[in-house]
There are 2 protein chains.
Amino acid sequence: MNVQFKKMKPLKSYQHVVDEIQAAICEGSIKEGEKLPSEMKLKEMFDTSRGTIREALRVLEHKGLVSIRTGVNGGARIQGANTKPMTDSVAILIRQQKVSLHHLAEFRKMMEGHISEQAAKNADKNDIKKLKAILESAAAHIETKPSGWKEFHEMDAEFHRTLAMIAKNPLLEANLTAVHDNIQIYFHQYLPWSETLLNDNFKDLCDIAAAVEQKDPAAARRIAEEHVEKFNALMEKNLE
Amino acid sequence: MNVQFKKMKPLKSYQHVVDEIQAAICEGSIKEGEKLPSEMKLKEMFDTSRGTIREALRVLEHKGLVSIRTGVNGGARIQGANTKPMTDSVAILIRQQKVSLHHLAEFRKMMEGHISEQAAKNADKNDIKKLKAILESAAAHIETKPSGWKEFHEMDAEFHRTLAMIAKNPLLEANLTAVHDNIQIYFHQYLPWSETLLNDNFKDLCDIAAAVEQKDPAAARRIAEEHVEKFNALMEKNLE
DNA sequence: ACTGATTTTTTGATATGACCATAAAATAAA
DNA sequence: TTTATTTTATGGTCATATCAAAAAATCAGT
């Protein structure tokens, strides 16, 4: 007896509905933006009850595969790929105290280093233009003499997201977004504000952009890692 | 008008139930393994209908926070943190064709390199013992003259998971598991089997373990990266 | 008293039907 | 043509009934 049989657990009927619809979405029978039939129609198509259909739709909604609206012309619409489920699953790990700021920061450092390196390898002229545009609006913001991180952090996040796009790996993009979304609260709580620090932060971004423009992957990686490391050290000090 | 107000969308009532229960789990009011009240009791506690409670439980179940059983003493039990939601969200990205083998492999290479490096920094004697135990059972398996990858891949995966544990970052563990789970199908389909390749693979693992034991992070990283790179190149060639 | 079958009981799974809330679309009024 | 009103399709919520699963309690036979 060397074979392993799978436990024979009869599928719950809502799960059957989920599987069918998910398969249809993935294989492209239903395209992004299109509407699923109404709950009543689905109920008849699957020959089941409305409650079952609703449980299935709830699950699909939380998987980020459909979004549901009420009213005439409402219903479940197929959503394009979405990083929210990934952000959520990271968030759960954090809230369950399995993942600390230290873990997040280490993971982020690894990704930002890699992303910058890849970006430096891949970037074309158009990509460079995008990065510079973000830096310009960040510079403009600094001119207004801000007294907090909030707006700057948004541009900072956009800068890093753009780098991830240039690195051309959606897995990196999704994970980076998840980490950014979840590290935010630590920024707000533990990163002291000072104009010096703001300028320092801005300078790092410029240096990364420059290394990317000069197609110097090693430098891009090093600067990005040091950048993340620096701010992480600051936060961890204030965390104690 | 510079302020942005959040759109006032009244919470759906099932969402309220989800939020409350999730909060209770995260702040520890309900501990792992404990049972939530039955649907009927919850229905009364939240003063709502059973359907609403069931939608909420379905969502919590798919978030991996509770597992539900029927029968006497059944009901929703709190589950410990779980990498399944993360594996799922990666799987969805893949099925939606947003993530290719190339993306997976690149991400994996980055992680395995980093993990091996960290493991080499952190490993204590006990950790080394665990790694060696896995290598021994792999060696024993090779002796039996296998004719396919299946069992070896399981040990391979366990080896890498153990490294991730030694690296002591649950985010890395979760992501590595997610990537492994999803790259499996490519292994089975595109990795040709040969005894030479098997031995080659095994040797890589031994080399990584040795580098970890000698606390040589740089070497551990390099070997791990080359290891992943090699098998990735093989698969990509067969993919065309 | 132990063992194995049977019944009970708790709890989830599914089905049905009713009514409310929302929002787009159609219609009427200005 | 614009604005207010009504209509209507669709999801959101509630209540009730019955089926199915499985642990626990009971019972029967040795």
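Letters A, B, ... are given to chains in the order of the sequence lines, protein chains preceding strands, and every chain is numbered from 1. All values below were derived from every heavy atom in this structure, side-chain atoms included, with hydrogens, water molecules and symmetry-related copies excluded.
For the pair B:L36 CG and C:dG12 C1', the interatomic distance rounds to 14 Å; values are reported in whole Å. Rounded to whole angstrom, the span from the NZ atom of A:K43 across to the P atom of C:dT14 amounts to 15 Å. Taking atom CZ on B:R69 and atom P on C:dG12, their separation rounds to 11 Å, with Å as the unit. Put simply, CG on B:L42 is 14 Å from P on D:dC14, counting in whole angstrom units. For B:E44 and C:dT11, the CD to C1' distance is 14 Å, given to the nearest whole Å. Regarding B:F46, its CZ atom lies at a distance of 14 Å from the P atom of D:dT13, rounded to whole Å. Rounded to whole angstrom, the span from the CZ atom of B:R77 across to the C1' atom of C:dT11 amounts to 11 Å. When the C1' atom of C:dA13 is taken as reference, atom CD of B:E55 falls 14 Å away, rounded to whole Å.
For residues 85-97 of chain A, the set of pairs meeting the salt bridge (Lys or Arg N to Asp or Glu O under 4.0 Å) definition, not counting sequence neighbours, comprises A:K84-A:D88.
For the side chain to side chain contact (heavy atoms under 4.5 Å, CB included) with B:L57, the qualifying choice from B:T52, B:L36, B:L65 is B:L36, the only one to do so.
Checking A:T144 against A:H141 by side-chain atom types alone, no donor-acceptor pair falls below 3.5 Å. Defined by atom type and a distance below 3.5 Å, a donor-acceptor pair is present between the side-chain atoms of B:N175 and A:N175.
Along DNA chain C, the nucleotide nearest to A:G51 and the one nearest to B:M40 differ in position, and the one closer to the 5' end is contacted by B:M40. Remark on DNA chain C: of its neighbouring residues A:T70 and A:D47, the 5'-side contact belongs to A:D47, judged by nearest-heavy-atom nucleotide.
Listed candidates were D:dT10, D:dG11, D:dC14. Nearest to the side chain of A:K35 is D:dT10. Residue B:T52 places its side chain closer to D:dT13 than to any other of C:dT11, D:dT13, D:dG12. Side-chain proximity of B:V72 to the nucleotides C:dT9, C:dA15, C:dA13 is greatest for C:dT9.
Across residues 12-20 of chain B, B:K12, B:S13 each have a non-hydrogen atom less than 4.0 Å from an atom of DNA chain D (numbered order).
Here A:N73 reaches the OP1 or OP2 of C:dA25: one of its side-chain N or O atoms lies under 4.0 Å away. Close to D:dC14, at under 4.0 Å from its OP1 or OP2, lies a side-chain N or O of B:T48.
Residue side chain A:R58 does not reach the base of D:dG12 through any donor-acceptor N/O pair under 3.5 Å, judged by distance alone.
A:L131 has its side chain within reach of A:I166: a pair of non-hydrogen atoms, C-beta onward, lies under 4.5 Å apart. Residues B:Q15 and B:D19 have side chains in contact (heavy-atom distance under 4.5 Å, counting atoms from C-beta outward). Using a 4.5 Å heavy-atom threshold, the side chains of A:E173 and A:R161 count as separate.
Atom NZ of B:K132 is surrounded by 12 or fewer heavy atoms from other residues, nucleotides or ligands within 6.0 Å.
Classification of A:E61 and A:R58 as a salt-bridged pair holds, one side-chain N sitting under 4.0 Å from a carboxylate O.
Ring geometry for B:F46 against B:H16 counts as perpendicular: the plane angle is over 60°, on a 0 to 90° scale with 30° as the lower cut.
Among the heavy atoms of the strands lying under 4.0 Å from B:G75 are primed sugar atoms or P, OP1, OP2 only; no base atom is included. When heavy atoms are screened at a 4.0 angstrom cut-off, B:S49 is found touching base atoms of the nucleic acid. No engagement by A:L57 is indicated, since no non-hydrogen atom pair under 4.0 Å with the nucleic acid exists. As judged by a 4.0 angstrom heavy-atom cut-off over every strand, A:R50 is placed among the base-contacting residues. At a threshold of 4.0 angstrom between heavy atoms, the contacts of A:R54 include nucleobase atoms, whether or not backbone atoms are also involved.
In the helix from C:dA1-D:dT30 to C:dA30-D:dT1, the terminal helix axes, each the rotation mapping four pairs' C1' atoms onto the next four within five end pairs, subtend 10°, rounded to 10°.
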(Q) If you apply the rule side-chain contact (heavy atoms from CB on, under 4.5 Å), what do you find for B:F231 with B:F187, and how did you get there? (A) CA-CA 9 Å; B:F231 284 88; B:F187 282 165; 5.5 Å; no
